[in-house]
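All remarks here apply to the structure that follows.
If you're wondering where the values come from, they're calculated on a predicted model, not measured in any experiment.
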Amino acid sequence: MSLQPGDALTSHNFGLQIDGVLVEYLQEVSGLSLEQDVIEFQQVSAQGKPVTKKLPGVKKAGTCTVVRGMTQSAAFNQWITESINGLMSTARKNATILVMDYTNAPVKRYNMRNAWCSKIDTSSVKAGEAAGLLETVTITFEELVIE
């Protein structure tokens, strides 16, 4: 049973697909945005009054940041390695942030075209601390399509 009319999505159930394969459930996603230039021009109307018009311009490429538990996910680790080593012929992938409902059915997709990892940060490690290790990965992409 999926969402009913008026139900809102929750922020706790989401994952990452790379080339259509779910490779990782994530702890956090931030900075995922879609932006385009705005073209503004002015002209004079037939009545002689100044008129300002705005039109959509070129879509911009973007970045997002994902936080995940440091796991042995082979597909995700390989993607990071290819990206950081500059192997762009294989590093550029179509990646999707999937938002799922409470039954794990996908209900929203953020499709990033030609995405690759541009930065990775790891959490600090400390002797005697009982905490999961995290990786923060910055993903850059050429186009974002929201479904």
* Asked: Can you name the closest pair of heavy atoms from Glu82 and Thr90 and give their distance?
  -> OE1-O, 3.2 Å
* Asked: Would Val21 end up clustered with Ile80 when hydrophobic side chains under 4.5 Å apart are linked, directly or stepwise?
  -> yes
* To do: Could you check if a side-chain atom of Glu135 sits within less than 4.5 angstrom of a side-chain atom of Ile120, using non-hydrogen atoms only?
  => yes
* Quick one: do Leu34 and Phe14 end up in the same hydrophobic cluster if we chain Ile, Leu, Val, Met, Phe, Trp and Tyr together by side-chain heavy atoms under 4.5 Å apart? -> yes
* To do: Give the cluster check for Phe141 versus Val58: same hydrophobic cluster or not, with ILVMFWY residues linked at side-chain heavy-atom distances below 4.5 Å.
  => no
* Report yes if some heavy atom in the side chain of Leu134 is under 4.5 Å from a heavy atom in the side chain of Gln27; otherwise report no. => yes
* Asked: Looking only at atom types and distance, does a side-chain atom of Thr96 sit under 3.5 Å from a main-chain N or O of Leu98, one as donor and one as acceptor?
  -> no
* Asked: Do Ile97 and Leu16 have side chains that get closer than 4.5 Å, going by heavy atoms?
  -> yes
* To do: Identify whether Tyr25 and Val67 are in the same connected component of the hydrophobic contact network (ILVMFWY, side-chain heavy atoms under 4.5 Å).
  => no
* **Atom pair CG/CD of Leu87 and Gln78 - distance to nearest 0.5 Å** => 9.5 Å
* **Residues Phe41, Leu55; criterion side chain to side chain contact (heavy atoms under 4.5 Å, CB included); working and verdict** => CA-CA 8 Å; Phe41 70 96; Leu55 298 170; 3.6 Å; yes
* Quick one: does Thr63's side chain get under 4.5 Å of Ile139's, heavy atoms only? -> no
* **Least distance between heavy atoms, Ala75 atom then Val23 atom** => CB-CG1, 3.6 Å
* Asked: If we only count heavy atoms from C-beta on, is the Glu28 to Val66 side-chain gap below 4.5 Å?
  -> no
* **Min side-chain heavy-atom separation Gln36-Pro56 under 4.5 Å** => yes
* **Closest non-hydrogen atom pair, Ala95 against Trp79** => CB-CH2, 4.0 Å
* **Spacing of NZ belonging to Lys59 relative to CD belonging to Glu35, to within rounding of 0.5 Å** => 13.0 Å
* For Glu142, enumerate each residue passing the side-chain contact (heavy atoms from CB on, under 4.5 Å) test, keeping only those at least two apart in sequence or located in another chain. => Arg92, Arg113, Asn114
* Is Asn111 close to Leu144 at the side-chain level, that is, under 4.5 Å between some pair of heavy atoms? -> no
* Structure fact -> Heavy atoms of Met112 and Leu32 approach each other most closely as SD-CD1, 4.1 Å
* Asked: If you group Ile, Leu, Val, Met, Phe, Trp and Tyr by side-chain heavy-atom gaps below 4.5 Å, do Met70 and Ile18 land in one group?
  -> no
* To do: Would you name the heavy atoms of Ile84 and Cys117 that are closest together and state the gap between them?
  => CD1-O, 4.0 Å
* Asked: Are any of the side-chain heavy atoms of Val137 and Phe76 separated by less than 4.5 Å?
  -> yes
* Structure fact -> d(Lys93 NZ, Trp116 CH2) to nearest 0.5 Å is 14.5 Å
* Please walk me through it: do Ile146 and Arg109 pass side chain to side chain contact (heavy atoms under 4.5 Å, CB included)? -> CA-CA 6 Å; Ile146 302 171; Arg109 297 173 186 269; over 6 Å; no
* Can you tell me if Asp101 and Asn13 form a side-chain donor-acceptor pair at under 3.5 Å? -> no
